[in-house]
> 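Input: one structure, supplied below.
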Amino acid sequence: MSRFLLVVLLLGSIASAIGVVYARHRHRLLFVELSRLEKARDELNIEFGRLQLEQATVAESNRIDQIARLRLGMKFPEGADVVVVRP
Amino acid sequence: MKNRGNNSTPRSRNRARFNLRGRVWLIVCALGLCSVSLIGRAAYVQLVNRDFYQREGNERFVRNIEIPTSRGMITDRNGEPVAVSSPVESIWCDPQELLKYSDRLPELANALGEPLDALTSRITQRAEKEFYYLKRRISPDEAKKITALAIPGVNSKREFRRFYPQGEAMAHVLGFTNIDDRGQEGVELAFDEWLRGKPGAKKVIRDRRGRIVENIDLVRQAQPGQDLTLSIDRRIQYLAFRELRNALTAHEATAGSAVVLDVATGEVLAMVNLPTFNPNSTSLGKPDAHRNRAVTDLFEPGSTAKPLTVAAGLEAGVITPASTFNTSPGWMPNGKYRTTDTHNYGVLDTTGVIRKSSNVGAAKIAQLLANGQFYDFFRKMGYGQSTRSGFPGEASGLFPAPAQWSGTSKQTMSYGYGIAVTPLQVAHAYATLANGGRAIQPTFVKGERNEPKQVLDPVIAGEVMKMMQTVTEAGGTATQAAILGYHVAGKTGTSRKASGGGYSRKYLSFFAGVVPVDNPRFAMAVVVNEPSQGSYYGGLVAGPVFHNVMEGALRLMDVPPDDIETWIAAQEKNEAKHIKTLPMPNAVAIPAGLSGALRAALPEDLH
């Protein structure tokens, strides 16, 4: 009886040891995956910031003003061009 | 074992045996002592001083590395980015490693664009160090070219640099950051902690070359920098910048400021100063271009203080809107000085004092007020104390207490000399008048609602607004500030600049106004410093700036006109001249391959 108990405990001990190894390994793999995804997220955020910067530079008021006036010949509607609609 | 040579008796044999055992015991004891001391040492290392040795062991290869965070973005009230951090690379080297491969230094010098001997001397000067920056903050493409050379000991590190797409137009409000990405001036400084975030930390194992072999654990989560939404409207800001620059060029003035406040919420919609600088350039530019004059520079408000004097008189009950003041002969004595008007306006009522901007009239009103009443009123309108808008370096202005007044002080203060204010304080005071006497602390953050404080009776505030409305109508001093279709209330000011104990021939022109009068939305103060070409009167120099900026702002913010009759009348007058018709739009070509649903959604005549 006691020998049987001994064998069972031994096997249990070995199983839990393997379990520890497995858990540690999984932790390491998941941590690597997490770091990779975080890095990808940071890269995308930075790319987003860069694109926003590019958009803001291109849409800068002075530049649009110059293009509208000089290249496209646009102007403000004068008072006479405005139609007043009243309810 | 035969002890043949041993002549000893049994007793001497015993002694010999005892000696042998003694020696054995001696050796046993010596060995035992050694092993005890070894075990003791092992126990000491393992049990007693365990942490110390474990730490020492870890220090050979385990490191806590900082997880950097990027700085938050600053946007205007409509979400348009006005300050963005973009990644740049910094090239660093390990001089100990690099000097081992000194045959590759010419290649490196070529890539960096530096003369070889300068580079070599720089590196050899730091030969014992392990880290040294070669070139900081270059664009990622340039850095890629250098790292592609694969010179051992040379690596690149990512850093962030701030870029400001709006450039000069918003330079003073935003400020800038230094090389370590810390805010130095302006909003970048005021909200530095919010924008910066907190870097995190993680434990890693590094090899001898500094490469990360394994990530062990996360020590502290990084808190990224948070974005900031300003109350500034980029479009109104640009408009104010353009118009102020035009006015400065036309009148050859040295400097100018303009502030636009939202009356109902106290938010700063635009704040512009000239001269200005480009925050994107690394060089500093002219030193006096960096001050945000709208909150730091003081000037004597001159005639823009007159509506406040009138309001003080109305509140104290010493005058009514129907009171009259005899301002002839156009001057009155003030101690050993004189208070003079530009013309002799004769008898003026209260509205006339503001419309004609009569110094004598204002002085007579101030004489009816007690010193304490006058001082308290101006103080509660915000003069003489900090506006607390949160901007770093904000000036409180100068408004001496009655105890420090001389006999002539109150009279000169009534028309705005002898006190010093910032353009923001003037705009704030006028916004208070427009807001039914409720003073709201100005703020640069969108959505920040400060508690309004009732400092003035709304009826009196309304009366003063009506009086100020006459300034932009015919007969007033600022007809150029009038906007077609809207009622504008405001006050011009033209003051001489004080210099060297007296007053010089240089002027300050300003105009402060509120529009529309019936449901005020914007309060604006414009200051132009030393206009030297053409006229210098406030109504002629600063008035047009107000007109142009406010016209655009009213249109941008969809503010309905409150004086549509005038507009229609003006249109009808111009109708006869307006003979050209608007051109018909050309037929719009519909691109082929348009989906059926989209085609069905287009208006009939475009199919």
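Order of the sequence lines fixes the chain letters, A, B, ..., with proteins taken first and strands second; residue numbering starts at 1 for each chain.
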> Report which part of B:P560 has an atom under 4.5 Å of a heavy atom belonging to chain A: side chain, backbone, both, or neither.
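The answer is neither part of B:P560.
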> Does anything in residues 48-61 of chain A get under 4.5 Å of chain B by heavy atoms, and if so which residues?
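Listed by number, the contacting residues are A:G49, A:R50, A:Q52, A:L53, A:A56, A:T57, A:A59, A:E60, A:S61.
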> So among B:V187, B:D76, B:I232, B:L228, which one has a side chain to side chain contact (heavy atoms under 4.5 Å, CB included) with B:V82?
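One option only clears the test, and that one is B:D76.
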> Any idea which heavy atoms bring B:T69 and B:G225 closest together, and the distance?
CB-N, 4.4 Å
> Taking all atoms of both residues into account, what is the closest heavy-atom pair of B:F176 and B:E188, and its distance?
O-CB, 3.9 Å
> For A:N62, is it the side chain, the backbone, both, or neither that has a heavy atom closer than 4.5 Å to a heavy atom of chain B?
both
> If you apply the rule salt bridge (Lys or Arg N to Asp or Glu O under 4.0 Å), what do you find for A:R36 with A:E33, and how did you get there?
CA-CA 5 Å; A:R36 193 182 63 78; A:E33 182 70 8; 2.8 Å; yes
> side-chain hydrogen bond (donor to acceptor under 3.5 Å, both in side chains), that's the test. Do B:S85 and B:R162 meet it? Break it down for me.
CA-CA 4 Å; B:S85 280; B:R162 216 70 165 138; 3.0 Å; yes
> Heavy-atom distance under 4.5 Å to chain B: side chain of A:E47, backbone, both or neither?
neither
> Do you know which two heavy atoms are closest between B:M73 and B:T75, and how far apart they sit?
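What the structure gives for the nearest pair is CE-CG2, 3.8 Å.
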> With a 4.5 angstrom heavy-atom cut-off, could you sort out which part of B:F160 is near chain A: side chain, backbone, both or neither?
side chain
> Which heavy-atom pair separates B:H547 from B:Q480 by the least distance, and what is that distance?
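So the two residues come closest at CB-O, 3.3 Å.
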> Where on B:L239 is there a heavy atom nearer than 4.5 Å to chain A: the side chain, the backbone, both, or neither?
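Contact with chain A involves no heavy atom of B:L239 at all.
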> What heavy-atom pair brings B:Q166 and B:P81 nearest, and what distance separates the two atoms?
NE2-O, 4.3 Å
